[in-house]
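This one's a predicted model, so the numbers in the text were calculated from it and none came from an experiment.
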Amino acid sequence: MSLKDMLLKLYTKLLRVRYNCLFIGQRSFVYPNVQLLLRRGGEIRIGCNSKIGCFSHGYLVGFHTPCRMACSEKGTINIGNNCRINGANISAKSSITIGHGSKIACGVQILDYNAHDVYSKNRAATSLNDAKPIEIGNNVWIGLGAIILKGTIIGDNSVVAAGSIVKGVFPPYSIIMGNPAKVVKRLDPEKFKN
């Protein structure tokens, strides 16, 4: 085991001790540049063999934001096994589920609520309203800078193109692209059997 891996393992153990509402599976790492905001009653669960955040060294794409995970008092974030999340913001008032083997690129925003009321005389006042769960299936790849909005369901083995703004229900084996995002191509399930 390299020195870097030993330090990551130690740091992850310290996080387990510090946050009683953060559950990290075996062989999973949470990098030191990950920002955690956990309100009492919120919960984050990370499966086994997952990596949350990373060092920008060795990451070929410009790395402009650290990874951030935030939960309100009743919010939950559930991340499956074998996931890689780099420089994404995941913010839950209700629940966000990310399936096994999913990959999320830097600059991605995943939010299950609106930060402000639509009907408001004071837009500066923050009001976390109308949260709706987000479900991201197994083996989903979300490209750079995509935005996943409340109530979205993305089926297994799908790809979300970089910069897409995604809201709605999308079937498995979809390539999802655009603003607003739509299914632009269906992937061949037979090619996933290898």
Smallest heavy-atom separation, C67 atom then I85 atom, equals SG-CG2, 3.8 Å
Mind checking whether L36 and V108 sit in one hydrophobic cluster, side chains of I, L, V, M, F, W, Y counted as touching below 4.5 Å?
yes
Is a side-chain donor or acceptor of S72 paired with a backbone partner of G42 at a separation under 3.5 angstrom?
no
Same apolar cluster: V183 and I134, side chain cutoff 4.5 Å:
yes
Report the distance from atom CG of L8 to atom CG of L3, rounding to the nearest 0.5 Å.
9.5 Å
Check whether any side-chain heavy atom of I44 sits under 4.5 Å from a side-chain heavy atom of I90, and report yes or no.
no
Could you give the side-chain donor-acceptor pairs of residues 17-28 under 3.5 Å, partners two or more places apart or in another chain?
| unit_1 | atom_1 | unit_2 | atom_2 | d |
| --- | --- | --- | --- | --- |
| S28 | OG | G47 | O | 2.5 |
| S28 | OG | N49 | N | 3.0 |
| S28 | OG | S50 | N | 2.8 |

When clusters are formed from ILVMFWY side-chain contacts under 4.5 Å, directly or step by step, what else is grouped with L37?
none
Once side chain to side chain contact (heavy atoms under 4.5 Å, CB included) is applied, do any residues pair with T76, and if so which ones, sequence neighbours excluded?
E43, N78, S95
Taking all non-hydrogen atoms of both residues, which atom of Y113 and which atom of K93 are closest, and how far apart?
CD2-CB, 3.7 Å
For E73, enumerate each residue passing the side-chain hydrogen bond (donor to acceptor under 3.5 Å, both in side chains) test, keeping only those at least two apart in sequence or located in another chain.
none
Check residues 151-160 and write down every donor-acceptor pair under 3.5 Å in which the side-chain atom is one partner and the other belongs to a residue at least two apart or another chain.
| unit_1 | atom_1 | unit_2 | atom_2 | d |
| --- | --- | --- | --- | --- |
| T152 | OG1 | L149 | O | 2.7 |
| T152 | OG1 | V166 | O | 3.3 |
| T152 | OG1 | G168 | N | 3.4 |
| D156 | OD1 | N138 | N | 2.8 |
| N157 | OD1 | N139 | ND2 | 2.8 |
| N157 | ND2 | Y173 | OH | 3.4 |
| S158 | OG | G155 | O | 3.0 |
| S158 | OG | P171 | O | 3.3 |
| S158 | OG | Y173 | N | 3.4 |
| S158 | OG | S174 | N | 3.1 |

Return the minimal non-hydrogen interatomic distance between S164 and G178, and the atom names on each side.
OG-N, 3.1 Å
Do I165 and I142 sit in the same hydrophobic cluster, where Ile, Leu, Val, Met, Phe, Trp and Tyr count as joined when their side-chain heavy atoms come under 4.5 Å apart?
no
Grouping I, L, V, M, F, W and Y whenever their side-chain heavy atoms are under 4.5 Å apart, do I52 and L38 come out in a common cluster?
yes
Would you say that more than 12 heavy atoms from the other residues, nucleotides or ligands in this model lie under 6.0 Å from the NZ of K167, or not?
yes
Non-hydrogen atoms of S94 and D112 that approach each other most closely
N-OD2, 2.7 Å
Supply the atom-to-atom distance F29 CZ to L7 CG, rounded to the nearest 0.5 angstrom.
10.5 Å
Student check: side-chain heavy atoms of I110 and I104 closer than 4.5 Å
yes
Considering all heavy atoms of both residues, which atom of A92 and which atom of I77 are nearest to each other, and what is their separation?
CB-CG1, 3.8 Å
How long is the gap from CD1 on I98 to NZ on K103, to the nearest 0.5 Å?
11.5 Å
Test salt bridge (Lys or Arg N to Asp or Glu O under 4.0 Å) applied to R16 - qualifying residues, sequence neighbours left out:
none
Do any N or O atoms from the side chain of S102 and from the backbone of C83 form a donor-acceptor pair under 3.5 angstrom?
no
Do W141 and F192 belong together in a cluster built from hydrophobic side chains that touch within less than 4.5 Å?
yes
Compare every heavy atom of N81 with every heavy atom of H100, then report the nearest pair and how far apart it is.
ND1-N, 2.8 Å
Run the side chain to side chain contact (heavy atoms under 4.5 Å, CB included) test on I96 and I148 for me, step by step, so that the C-alpha distance in whole Å, both residues' side-chain angles and the decisive distance to 0.1 Å come before the verdict.
CA-CA 10 Å; I96 296 172; I148 312 298; over 6 Å; no
